[in-house]
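Lettering follows sequence order; numbering is per chain, from 1. Below, each value reflects all heavy atoms present in this structure, side chains not excepted, and no hydrogens, waters or symmetry copies.
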Amino acid sequence: MAALGPRAERTRLAAAGARSATEAAMLSGQPLKDVIKGRVFLALLLAALGLALLGLAALVIDAVIDGRSMLSLDLLTNSASRISPETAGYANAIYGTILLIAGVLVMTVPIGVGSAIYLEEYADRTKWWNRAIELNVQNLAAVPSIVYGILGLAFIVRGPLDLGFILFAGSITLSLLVLPTVIIAAREAIRAVPPSIREGSFALGATRLQTVRRQILPAAIPGIATGVILAVSRAAGETAPLLLVGAATFVTFDPTVFGDNGYTALPVMIFNNAKQAQPEFHVLAAAGIVVMLVVILVMNSFAIWLRNRYEQKW
Amino acid sequence: MQKRYDNKGDRVRSSRWLMVTAFAAVLAFGVAACGSDDSSGGSDLSGTIRIDGSSTVAPLSEAAAELFQEEEPGVKVTVGTSGTGGGFEKFCAGETDISDASRPIEQDEIEACKSNGITFEEVQVANDALSVVVNPDNPVVCMTVEQISQIWDKGSTVDSWGDVKGLEADVGDETMALYGPGTDSGTFDYFTEAINGEEGVTRSNYNNIGEDDNGVINGVAGDQWALGYVPYSYVEESAGQVKPLQIENPESGECVAPTVETVQDASYAPLGRGLFVYPSGEALQKQEVLDFLTFYIAENDVITEAATFVPMTEAQKEESQKKVDSLVEG
Amino acid sequence: MEARDAIGASRATGAGIRPPRSLQAPSGRYGERAVEGLLALCAVLSIVTTTAIVISLLEPSIEFFREVPIRDFLFGTDWAPTFTPAEFGVLPIVLATMVTTFWGLLVAIPLGIGAAIYLSEYASPRVRKIVKPTLEVLAGVPTVAIGFFALFFLRPLLEDLLPFLPWSGPQAAGVAGLAVGLMIVPIIASLSEDAMSAVPMGLREAGYGLGATRMRVATRIVFPAALSGIVASIVLATSRAVGETMIVLLAAGASPNLTVGFTESVQTMTAFIGQTATGDIATGTITYYTIFAVGLLLFLMTLILNMISIRLVRRFHEAYE
C-alpha cells in the first residue's frame, strides 16, 4: 500500500502525524498482544501466499524435470510427429493457440466490457430483466466447458451459424466460455470506482457516455485487465470443448482462421501426447506444458503491462 | 497529442500511439492469419483429408498421415479424436472423409449414414491384442476365460486371488485390485462381450481409470496383486512394468501369450481383435483419399510398428484393398 | 448515523447505491441512445447463449426422460449408464461433484484471500507487480497438466504425508479436489486483490490515524469494504470448480462410487460428461442422451446456487460513500 506522487506523500505524512498524536494522547505504544497478533497474522498470510506459489513452482519444476530431455527451441519450430517423437515439436499447435486466443480477445473484450458497462451504468436494477441478466451471466460461469463444446457443435459449427470445423468456430466457442469471467471481473472493477467520481463528472455537465469513457473506464482498466488475463488464460488451456468442435489432434501444417483444412491447439496436443502408450510421448507432453507456460506468460504480459500503467490509488 | 492530467494532478502520457500500434499489429496479424496458404504446386496431388474418430485407432491414422504427407506434401491430412461415436456422427453427416473406429458401426449410425446418402465400407487396418495384465511379481502365468469371467462378471464377489478357482500358481489370499479402461470405450465393449458374453455386462466395483489407458499400467505396476486389461500397445511400451497373462484358448486348450504371431494366426482368442477405418464412397471419389487408403494398407508394416500395433496378415491386407476398390466402383 | 440510515433506507428500497435524483445532464444526443442500445445488445448476448445452451440440452434430455423415470434418475444410487443392464441413478456423481468442489474451496479460499490481503496491504508495489502476475500464470496452466500433476505428483506426496488414510489406487477424490483448489486460487487471489486495492486510501488512513494496527485495518476496514468483490471472486471460483472437467477426469477417475472419502476414486458429473462425449458411445442412444440430462441437472444446480449467492452478495454489499 505504498503511496505514489507528492500529493499522496503529503497524505501519508498527515496520517502518520495524526497517528502519533493519537498514540501519544491515548495509547502508550502498541500493546504486546497486538504486536504478537500482528506478527502471527502476517505469518499466516505469507504461508498462504507461499503455499500457492509453492504449488505453482512444484507444477513447473515437475514439468521441466519430466520434459528436460526434449526441451529445446526445436519444440517451437518442428511439427508433430508420430513416427519420430524425438524430433517432434509444437509449432503448428502454438500457432493454432495464438490464433484462437487472438479471436477470443477480439470478441470477449468489447462484448464483455460493453455488457459490464451496460449492467453497471445504464441498467435499472429494479427491473427484473436486468436482474435476470445478472443471474444469467453468473450461472454461465459455472457451465462446464464440455457443454460449451456441445453448444458450439450444435449452433456454431452446424445449426444457424453453420461455420463448419474452422478455427474461428473454436474461437467463438472459447469466447462464449470465458465471457462470463470478463463480464463479472469488469463489473466489479466498474463498481469499485467511487460514486463521487461519477457524481463529480455529472455535476460538471458530462453525459453518461462521456463519464464512462473519460472517468470510469480508465479507472477500471486494472480490474478489467485482470479479468481478461484470467479469461484468456483459461481459454488457452481448454481441451474438451475444442475436441468437440473439430480441433484435430494431429496437424502438421499451419492453420488459418477461416480455412477448413483443420487446426489444433497446444493443450489438445499435450493431452493427446500424454495419453499415448510410448513413453517418449509422455516426455513430449511434459515439454509441451513448459512451452504452454511460456506462451501464457507472453500472452498475459501485454495485459499485465497495461494494468500496471493504469494502476491508481484513490 | 494533448497533455492530460489524471485526477491527482499528475501528468499522463497520451495513449494514442499505443492504440495505433496495437491496431496495426492486429491488422498485420489478421492479414497473415487469414491469408490463404499456398499449397505446394510441386507434387501432383493436393487437397484435404479429414479423419476423425476413435483415439485407439488414431495413432495408426496419424502415422499413416505423416508418412503419406512426406510423399505427397500437397495433401493436408488431419486426424481428430472425438471418439468412435462422435466420429461416426460427423462421418454420417458428411463432415469427415474417413472414420476411425474401435468398434463396428451400430445400427443407429448405419441408418444415419443411409439417410444422408453416405456409403461406406469397413476396412481393417491393424490387429490388436487385448491383454490381461498382472504385476511381474505375480506368480500366475495363464488363466482361462472362465476364470477371467469369474473375476469380471456382473455381480462377481471375487475380492482376493484365493477366490479364483483353479489357478495353477499358489497365490494365497491376497486382495485383488482391479483396473479397467473407460466404460465408454471400444476396449470395454470388446472385453465385456468376449469374456462375459454380452457387451456392457461387468462388475461395477473396480478402478475405472477413465481417459488414459496408462492408468491401468501404472495401477498394476504399483500393486503386486493387481489385475487389469489394456490394449496391446500399452503392454509393449510398458517396458516390463506389467506382465501379460497367457489366455487358454477355448478351442485348443493351450495357453497362448499375446504376440504378433498369435494374434495374426488367431490362436490368441478370444481377445484378439481387428481395428477398422470407415472411408466414405464420396470421399473415395477424390484421388488423394484413394491414394491415401491404398498407402495405408500397403505400408501397414511400417505404420503398425510406429504405433505399436499388430500388423495385418497378407490375406487381411488383400481383403481391405478389395473393400476399398469395391467402394470406389460401387 | 444519518448517512447509515440513508444507506439502509436506500438498500431497503432496492435502489442500490445510486442517489435518488439523477444528476445526469439531459442529452439530446442520439449517439448516446445508440451506444446504450449497443451495450444492451452485448448484455443480451448472454441471454442468447443461455437460451442456446438450454435448447441444445433440453431436447435430448426430454428423449432421455421418456425412457428413464425422473425419480430413478434423481434418487437412484447406482450410476452405470454404459453397463448392461444400465442404471441411471445420479446421486453418486452429484455427490462427487460436491465433494471435489468442497475440497477445492477449502484450499482456495484461505490461500487466495490470504495472498490477496498480503499483496494488497503488506507488499511493496514491486513485490506486488511480480507476484500477482506469477499467480495468474497458475490460471493459465492447461487443466490437463494440472490433472496429470495431481495424478503423478500430488497423490504420491499426499500418501507420504498422510499414510494413515486408506489409500488404494491412483485416483482419489480429495487429491482431485486439492488440485482444483490450486487451479482456482488465482481467481480468488487476483480478483480479491483488485477489490481490496480499490478501497480508497482515505479509509485506511483514517484507521491508521486513529492508531489501528495494520492487521486491524486490513481485517476490519479494507476487507469489509471490499467484500462485494471478494464474494464475487469466490462465487466465480466456485462456479469454475463445479464446472471443471479435465482435472477431475484424470485425478478422480471414472468410478462412480457413492462416497465422501478423501482417498476414494469417484466420478464427477463433469468427468462423466467429458469422458462420454469424447468416448466411443454411439450418438442417438439413451446412453448418449445421458450426457445432456446430466448437463441439464448441473445447469439447474448451479442456477440455484447462484440465485442464493446473489441474494447473499446484495445483503453484504457495503456502501462507504
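Contacts with chain A were tallied for C:A116, C:P142, C:G112, C:S309; C:P142 has the most, counting heavy-atom pairs under 4.5 Å. Top candidate by heavy-atom pairs under 4.5 Å with chain C, chosen from A:A58, A:P110, A:S201, A:A132, is A:A58.
Interface remark: C:I47 contributes backbone and side-chain atoms alike to the contact with chain A (heavy atom separation under 4.5 Å). For chain A, the nearby part of C:F292 is the side chain; its heavy atoms alone come within less than 4.5 Å. Of the atoms belonging to C:N306, heavy atoms from both backbone and side chain fall under 4.5 Å from chain A. Interface remark: C:A195 contributes no atoms to any contact with chain A (heavy atom separation under 4.5 Å). If you measure heavy-atom distances from C:F299 to chain A, the contacts under 4.5 Å come from both the backbone and the side chain. Both the backbone and the side chain of C:L138 come within contact range of chain A, judged by heavy atoms closer than 4.5 Å. With a 4.5 Å cut-off on non-hydrogen atoms, C:L250 touches chain A through its side chain but not through its backbone. Using a 4.5 Å cut-off between heavy atoms, C:T219 touches chain A through its side chain atoms alone. In this structure, the portions of A:I111 lying under 4.5 Å from any heavy atom of chain C include both its backbone and its side chain. The contact between C:L303 and chain A is made by backbone and side chain atoms together, counting heavy-atom distances below 4.5 Å. The part of C:L45 that comes within reach of chain A is its side chain, from C-beta onward, which places non-hydrogen atoms under 4.5 angstrom from that chain. The contact between C:I291 and chain A is made entirely by side chain atoms (from C-beta outward), counting heavy-atom distances below 4.5 Å. At a 4.5 Å heavy-atom cutoff, C:S233 makes no contact with chain A through either its backbone or its side chain. For a residue to count as touching a neighbouring chain, one of its non-hydrogen atoms must lie under 4.5 Å from one of that chain's; by this rule C:P133 touches chain A with backbone and side chain alike.
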Original post:
When you look at C:E136 and A:R307, which way does the salt bridge (charged side-chain N to carboxylate O under 4.0 Å, His left out) test go after all the steps?
Top reply: CA-CA 13 Å; C:E136 282 161 353; A:R307 181 171 65 192; 2.8 Å; yes

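When side chains are defined from C-beta on, A:Q138 does not count as touching C:M307, because their heavy atoms never get closer than 4.5 Å. Between A:T181 and C:R240, every side-chain heavy-atom pair lies at or beyond the 4.5 Å cut-off. C:L182 is not listed as a side-chain neighbour of A:L56, based on a closest heavy-atom distance of 4.5 Å or more.
Checking side-chain atoms of A:S115 against main-chain N and O of C:C42 turns up a donor-acceptor pair under 3.5 Å.
Here C:Q275 contributes atom CD and A:I146 contributes atom CD1; the two are 10.5 Å apart, rounded to the nearest 0.5 Å. Note that OG of C:S239 is 10.0 Å distant from CG of A:L140, once rounded to the nearest 0.5 Å. Within the model, atoms CD of C:E193 and OG1 of A:T226 stand 7.5 Å from one another, a figure rounded to the nearest 0.5 Å. The distance from atom CZ of A:F41 to atom OH of C:Y122, rounded to the nearest 0.5 Å, is 5.0 Å. With rounding to the nearest 0.5 Å, the separation of CG in A:L51 from CG in C:L111 is 5.5 Å.
Side-chain contact annotation: A:N136 with C:T50, donor-acceptor N/O pair under 3.5 Å present.
In plain terms, the two heavy atoms of C:L236 and A:A141 that are nearest each other are CD1-CB, 3.6 Å. The nearest pair of heavy atoms linking A:K37 to C:M215 is O-SD, 3.5 Å.
Salt bridge status for C:E205 with A:R19: absent, with no side-chain N to carboxylate O gap under 4.0 Å.
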